[in-house]
Structures are given as structure tokens and as C-alpha cells.
Asks: 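A single structure is presented below for examination.
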Number of protein chains: 2
Amino acid sequence: MGDTRGSILRAAIHQFAESGLQQTSLRSIAREAGVDPALILHYFGSKRGLFLALVRQKLDEVLAGLLGDVPPTKDIGDLLVARFLALWDGDRRLFAALFRTAMSDESLASLLRTELLAELVRRVAATHSTEAERRAALALSQLMGMAVGRYVLGIEPLASADPEEVAADVGPTLTRYLLRPLPPPARPGGR
Amino acid sequence: MGDTRGSILRAAIHQFAESGLQQTSLRSIAREAGVDPALILHYFGSKRGLFLALVRQKLDEVLAGLLGDVPPTKDIGDLLVARFLALWDGDRRLFAALFRTAMSDESLASLLRTELLAELVRRVAATHSTEAERRAALALSQLMGMAVGRYVLGIEPLASADPEEVAADVGPTLTRYLLRPLPPPARPGGR
DNA sequence: CCAATAATTCAACACTCCTTGAAATATCTT
DNA sequence: AAGATATTTCAAGGAGTGTTGAATTATTGG
């Protein structure tokens with residue numbers, strides 16, 4: 001099995017999920033992969049390069065799993081929340097680690113904005129030509145807050161609730177942000 | 001001015017706000033405070049001890065500023081959001097750094113749960129004897145999501161919007177979580 | 001003024017880290 | 001089989017870390 005590069009990636013996923021980007025050392029990844037640390041640099045250029053390779057891969061999964069084939073429905077919020085939870089529940093530790101890193105690393109945050117958020121804006125704009133950015137930002141922040149509470153901070157009963165229950169609670173908020181009338185925006189220059 | 005301890009704390013706040021807990025070194029704090037690194041340990045025991053001293057102090061400010069003297073009102077959500085934003089807007093970098101750390105550090109996360117969340121639960125329970133935990137968790141996650149979007153990831157237009165506008169958008173969600181009827185909880189053991 | 005206590009510094013230990021450049025080993029091509 | 005190429009290891013550089021314990025300076029109290 002000449003898949004050394006693959007086994008490095010696997011070890012990296014495992015370690016990053018366990019301890020995050022900063023805490024994980026190339027040495028410990030190399031140890032788990034049964035490989036010399038220098039080899040990782042040979043393949044990925046740098047620790048950051050390894051991490052980014054990982055992120056790109058997962059981001060595609062997220063985009064497909066979250067925004068792929070969204071049927072038109074009145075309960076769009078419930079659907080999005082359910083998909084979001086299904087994704088994240090499938091690999092809690094890894095996603096939590098990725099999310100934490102995105103919050104500490106401007107270049108990752110920027111990736112989130114330009115890929116995930118932008119795609120969401122595009123979908124929203126398809127039904128609402130105006131205020132798509134505002135709606136998408138609000139929806140995304142509720143999604144992220146739910147994730148923080150459930151997966152990162154472990155706030156009960158949110159952390160242990162069944163996905164369906166969470167979707168029933170949070171979904172309507174998303175639906176409102178995405179489809180319902182919003183308060184009139186502040187007039188620029190008004191007081 | 002024999003306030004060396006105070007100037008260490010000030011330097012620490014500045015540096016932690018700028019770079020976070022891990023990235024900031026005792027040596028650089030000592031440099032800014034014009035002091036030997038060992039002196040910090042003398043006063044605070046450890047790097048973590050210094051950070052915790054800081055957190056305790058700020059947490060009290062937050063609790064007072066957020067949950068102190070809440071008048072009974074129908075628009076409780078707008079009020080909470082406005083207060084939350086006023087607090088955080090007053091020191092964006094520091095709060096963002098504290099929040100990031102809370103997400104990576106279980107003992108800080110636990111502090112958030114046992115202090116901020118618990119206090120919120122107590123307030124909610126005053127008007128809703130049942131489901132206070134569920135309501136508080138939902139409200140807190142929307143607050144945190146708003147914070148992540150606005151301050152940490154910098155999602156537009158949320159990041160640059162006037163506080164009043166954000167309060168008008170997000171407040172009703174909080175009010176709903178806190179005061180309005182929620183979907184019936186899943187029956188335990190049901191399917 | 002001198003002893004006791006507090007404040008502060010010095011120097012060093014013991015790690016760990018990412019990264020580098022050259023050396024060794026394996027694989028492939030012809 | 002031999003030369004070329006890719007893969008992998010070795011050893012070490014060089015910097016930075018938190019922390020410790022003793023030594024030094026300043027401050028206070030009798």
C-alpha cells in the first residue's frame with residue numbers, strides 16, 4: 001500500500017479533530033502515520049498546507065450536503081437545520097475543531113465567507129432579489145450559534161437533544177430570516 | 001505608582017485581546033509591562049492564572065451589563081441583544097479573544113455554562129417554570145451566533161450594521177425563544 | 001538604623017516546535 | 001542491470017516556550 005500521503009492525511013484528520021490546529025504537532029501526526037516529520041513537509045509544504053488540504057476537502061462535502069438539491073418548501077429552515085445537524089453529528093470532533101480554527105484564523109474565516117456564505121447568498125437571492133446578504137447573514141449566524149451551543153460549548157439540553165427536536169425549535173427562525181418580511185433597514189444617515 | 005500588578009494586568013489584556021491566549025507569551029506581556037517575566041508568575045502563579053484573573057473580572061462586567069436590572073417588557077429580546085451588542089462593541093477585540101478561548105478551553109467553557117448560562121436560566125425560570133433550560137439554551141445560542149457572525153467571522157452586513165438594526169432583526173427571535181410557546185418536546189422513547 | 005518582609009530580577013533548565021538540506025533507500029524506465 | 005527519479009529518513013539548527021529557585025533590591029515596622 002503505497003498510500004503514504006493518504007495515511008498522513010488520515011492521521012492529520014484524526015489529530016486535528018482531537019486537538020485542533022495549534023495543539024497538534026507535525027511530530028505527533030508523523031508518529032501516528034508511522035513516518036518522519038520531514039516527509040509531511042515534503043508532501044504538503046507546511047503544517048498550514050496540510051491543514052488547508054484537509055479543509056478544502058471537507059468544505060466540498062459541506063457545500064454538497066447542506067445546499068445540494070434544496071427542494072422549494074415552506075419549511076426551508078427545518079430542512080437546513082436538519083441537514084446541518086446530520087453533517088455535524090456525523091463527525092462532531094472534526095467539525096468542532098475546524099470551526100474553532102476558522103474562528104482563530106483569518107484566512108480560514110475568509111474561506112467560509114467566500115465559499116459557504118456566498119453560496120448561501122446566491123440561493124437566497126434566487127427567491128429574494130433584495131436583502132439576500134442580510135438574510136443569509138442572519139440565517140448563518142443562527143446556524144453557527146446552534147453549532148456553538150450544541151457542539152462546542154455543550155450547552156444542555158441543546159447538546160443532547162434529538163436532531164428533530166432542535167430542527168423544530170431552530171428551523172422556524174431560519175425560515176423567518178430567509179423568507180419572511182424583515183424590519184425595514186435603517187435609513188442611511190438617519191438618526 | 002506602585003501599581004505594578006495593575007500594569008501587568010493591563011498589558012495582559014492588551015496582548016490577549018490582540019493575539020489570544022496561546023499566541024501571547026509571558027515574555028511579551030512582561031516586555032510591554034516593563035517587567036521581568038518571573039514577576040508575572042509571582043503575582044498570578046501561572047500564565048493560566050493570569051488569564052483567569054482577567055476572565056473573572058470581565059465576566060462580572062458582562063453579567064451586570066447583560067442581566068442586571070432587566071425590566072419586564074414584551075420586547076425582552078431586543079433589550080438583551082442591544083445590551084449584548086453595547087457590551088461587545090465596547091471592546092471588540094478583547095471579547096472576541098475571550099470567546100475564542102472559551103471555545104478551545106473546556107474549563108473556560110464550563111465557566112460560561114455555570115455562570116452566564118445558569119444565571120440566564122434563573123431569570124427565565126422566573127417567568128417560565130418549565131423548559132427554562134431549553135429556552136435559555138436557544139436564546140444563548142442565537143446570541144452567540146450573532147456574536148460569531150458579527151465580531152469573529154465578520155460576516156457582512158451583520159458586522160457593520162448599526163446595533164439598533166441588528167437588535168430589530170435578532171431581538172424577536174430571542175423574544176420568541178424566551179417567551180413564546182415552543183414546539184412540544186419529543187416524547188422520550190418515542191419514535 | 002536595623003531587621004523582617006515584600007517586590008523584583010537573573011540565569012538557567014528542560015522542553016517542544018517547525019523547518020532545512022543532505023544522505024539513504026526504494027521504485028521505475030530503458 | 002544501470003541510471004534516473006521519487007520517496008523517505010537522519011540529524012541538527014535555531015528560536016521560543018513556561019517555569020523555577022536563588023539572589024538582589026526596595027520598602028516597611030519597631
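Each chain gets a letter, A, B and so on, in the order its sequence line appears, and its residues count up from 1.
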Asks: For Asp91(A), which residues count as a side-chain hydrogen bond (donor to acceptor under 3.5 Å, both in side chains) partner, sequence neighbours excluded?
Replies: none
Asks: Whole angstrom is fine here: how far is it from CG in Leu39(B) over to P in dT19(D)?
Replies: 14 Å
Asks: Which parts of residues 43-55 of chain B get close to DNA chain D, meaning a heavy atom less than 4.0 angstrom away?
Replies: Ser46(B), Lys47(B)
Asks: Of the options dT9(D), dT19(D), dT9(C), whose atoms approach the side-chain atoms of Leu26(B) most closely?
Replies: dT19(D)
Asks: Which one of Glu133(A), Glu106(A), Glu119(A) satisfies the salt bridge (Lys or Arg N to Asp or Glu O under 4.0 Å) criterion with Arg113(A)?
Replies: Glu106(A)
Asks: Residues two or more places apart in sequence or in another chain: which of them pass ring-ring contact (aromatic ring centres under 6.0 Å, His included) with Phe51(A)?
Replies: Phe16(A)
Asks: Could you tabulate the donor-acceptor pairs under 3.5 Å formed by side-chain atoms of residues 28-37 of chain A, not counting sequence neighbours?
Replies:
residue, atom, partner, partner atom, Å
Ser28(A), OG, Gln15(A), OE1, 2.7
Ser28(A), OG, Ser25(A), O, 3.2
Glu32(A), OE1, His14(A), ND1, 3.2
Glu32(A), OE1, Gln15(A), NE2, 2.7
Glu32(A), OE2, His14(A), ND1, 2.7
Asp36(A), OD1, Ala38(A), N, 2.8

Asks: For residues 71-81 of chain B, tabulate all N or O donor-acceptor pairs below 3.5 Å that involve a side-chain atom, not counting sequence neighbours.
Replies:
residue, atom, partner, partner atom, Å
Thr73(B), OG1, Asp75(B), N, 3.0

Asks: How would you list all residue pairs meeting ring-ring contact (aromatic ring centres under 6.0 Å, His included) that involve residues 97-124 of chain A, not counting sequence neighbours?
Replies: Trp88(A)-Phe99(A)
Asks: For His42(B) and dA23(D), what is the distance between atoms NE2 and P respectively, to the nearest whole Å?
Replies: 17 Å
Asks: At 4.0 Å (heavy atoms only), tell me whether Thr24(B) reaches a base, stays on the sugar-phosphate, or touches nothing.
Replies: sugar-phosphate
Asks: What is the distance from CG of Leu41(A) to C1' of dC17(C), rounded to the nearest Å?
Replies: 12 Å
Asks: Nearest whole angstrom, please: distance from the P of dA6(C) to the CG of Asp3(B).
Replies: 18 Å
Asks: Does OP1 or OP2 of dT8(D) have a side-chain N or O of Thr4(A) closer than 4.0 Å?
Replies: yes
Asks: Enumerate the salt bridge (charged side-chain N to carboxylate O under 4.0 Å, His left out) contacts for residues 60-69 of chain A, please, sequence neighbours excluded, ordered by first and then second residue.
Replies: Lys58(A)-Glu61(A)
Asks: So do Tyr151(B) and Arg92(B) actually touch side chain to side chain, heavy atoms under 4.5 Å?
Replies: yes
Asks: List the residues meeting side-chain hydrogen bond (donor to acceptor under 3.5 Å, both in side chains) with Glu164(A), not counting sequence neighbours, and say none if there are none.
Replies: none
Asks: What is the distance, to the nearest angstrom, from the CZ atom on Arg31(A) to the C1' atom on dT9(D)?
Replies: 16 Å
Asks: Would you mind reading off the distance between Gln23(A) atom CD and dC18(C) atom P, rounded to a whole angstrom?
Replies: 11 Å
Asks: Give every pair of a protein N or O atom and an N or O atom of nucleotides 11-16 of chain D that lie under 3.5 Å apart, one pair per line with the distance.
Replies:
none

